[in-house]
Amino acid sequence: MVIPVDLGKNSYDITIEKGALSKAGEIFEVDRKVLIVTDDGVPEKYAEAAAAGYGQAVTAVIKAGEASKTPENFVELCRKMLEAGFSRKDCVVAVGGGVAGDMAGFAASCYMRGIDFYNIPTTLLSQVDSSVGGKTAVDLDGVKNIIGAFYQPKGVLIDPEVLRTLSPRQFACGAAEIIKMAACMDRKLFEQIERNGIAENPEIENIIADALRIKTRVVEEDEKEIGLRRVLNFGHTLGHGIETVTGLYHGECVALGMLPMCKNEPLRKRLEAVLKREGLPIGFSDGKGGLSGCCHGPDPEAVIAAAMHDKKAEGNTVVTVRLEDIGKFTFEAAGSEQLVKDYLEVFG
Ligand code: GLY
């Protein structure tokens, strides 16, 4: 299955196919050098399969986790290309999750002012969200994605088979991003998830494709996130704050961050039910499906302070995405007082 992303001269295809990893050489142009960027949580055979067929493959393995998204690691990737004599016709391929993709894409965007970049996402989260849309970045001094560029890949290759080696917790994080998009923009998909779930669904390929159709539509309309694309931040404002303070996984924090953004309780309950079914947290401690071993939720003031430090904050306010109904959202500017109130209403 191929989903085209129509961005004028930056257009590309997303190929979704079981077993596609070993066909990277057929799908991408391989008669050149390649820097494969992967992480130490990804089975080595995935990077090897992706590298097969390239004239010369150089592999960089970064440590899994957000802490690897440093300017130093970015420079190291560029240095590897320089040392191997990469020219403007050579390319970078990410084989991994969002961290590998963000780092690899940013290195590709800068090396010789931009060389080709391909993405082979191996986590559900990166398959349905971060591999598409051209966001690349590294973190600086604890601020996520503060140095980066919009740099579209030349192609994205999604092999659903690789999800077999994903831990249930990581799989659930990808499910959170699918639920995020369905809740805001696709009532039919949300209802389908309510009926059949994501993890248990034998048609995961179709769910990935449906989520990517939403993402593609949004990115085609607003590549640089000046309008509609901000909808993809549903749950991310509070989510980033929770992530900074607790160190929980990104998707888990997005799940928690979505709940206070629901406009009414029945809607929130509906969302809670689908999140809980996928093994995602809906609270911190209280028998509501919260996180085992975690007795108290994080301090709201600390969460909101971290959320307001997020780069998307504009002065004293941040644009939040509020869910009015399944498939219906609004943007609302909120200050820290409002965010504390929202947070406490659900987790207080
Ligand atoms: N992950 C959100 C976006 O691509 O805009």
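Numbering of ligands and ligand atoms starts at 1, following listing order.
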_Contact check: K180 vs ligand 1, nitrogen or oxygen atoms, below 3.5 angstrom_ =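 K180 vs ligand 1: no N/O contact under 3.5 Å.
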
*Measure the distance from atom 4 (O) of ligand 1 to every protein heavy atom, then report the residue, atom name and distance (to 0.1 Å) of the closest one.*
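Protein heavy atom with the smallest distance to atom 4 (O) of ligand 1: K215 NZ, 2.5 Å.
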
*asked:* Could you identify the single nearest non-hydrogen protein atom to atom 5 (O) of ligand 1 and state the distance to 0.1 Å?
replied: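 Answer for atom 5 (O) of ligand 1: R229 NE, 2.7 Å.
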
*Is the ring centre of F284 less than 6.0 Å from the ring centre of F347?*
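Yes, ring centres under 6.0 Å apart.
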
*Does the cation-pi check pass for R32 over Y54, that is, NZ or CZ under 6.0 Å from the six-membered ring centre and within 45° of its axis?*
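The answer is no, since R32 fails at least one limit relative to Y54.
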
_Stacked cation flag R169 on Y249, 6.0 angstrom / 45 deg_ =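 Positive - R169 is close enough to the ring of Y249 and near enough to its axis.
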
_Ligand-residue contact atoms, ligand 1 with D129, heavy atoms, under 4.0 Å_ =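 Result: 1 (N), 2 (C), 4 (O).
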
_Would you say that more than 12 heavy atoms from the other residues, nucleotides or ligands in this model lie under 6.0 Å from the CD of E161, or not?_
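Yes, enclosed.
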
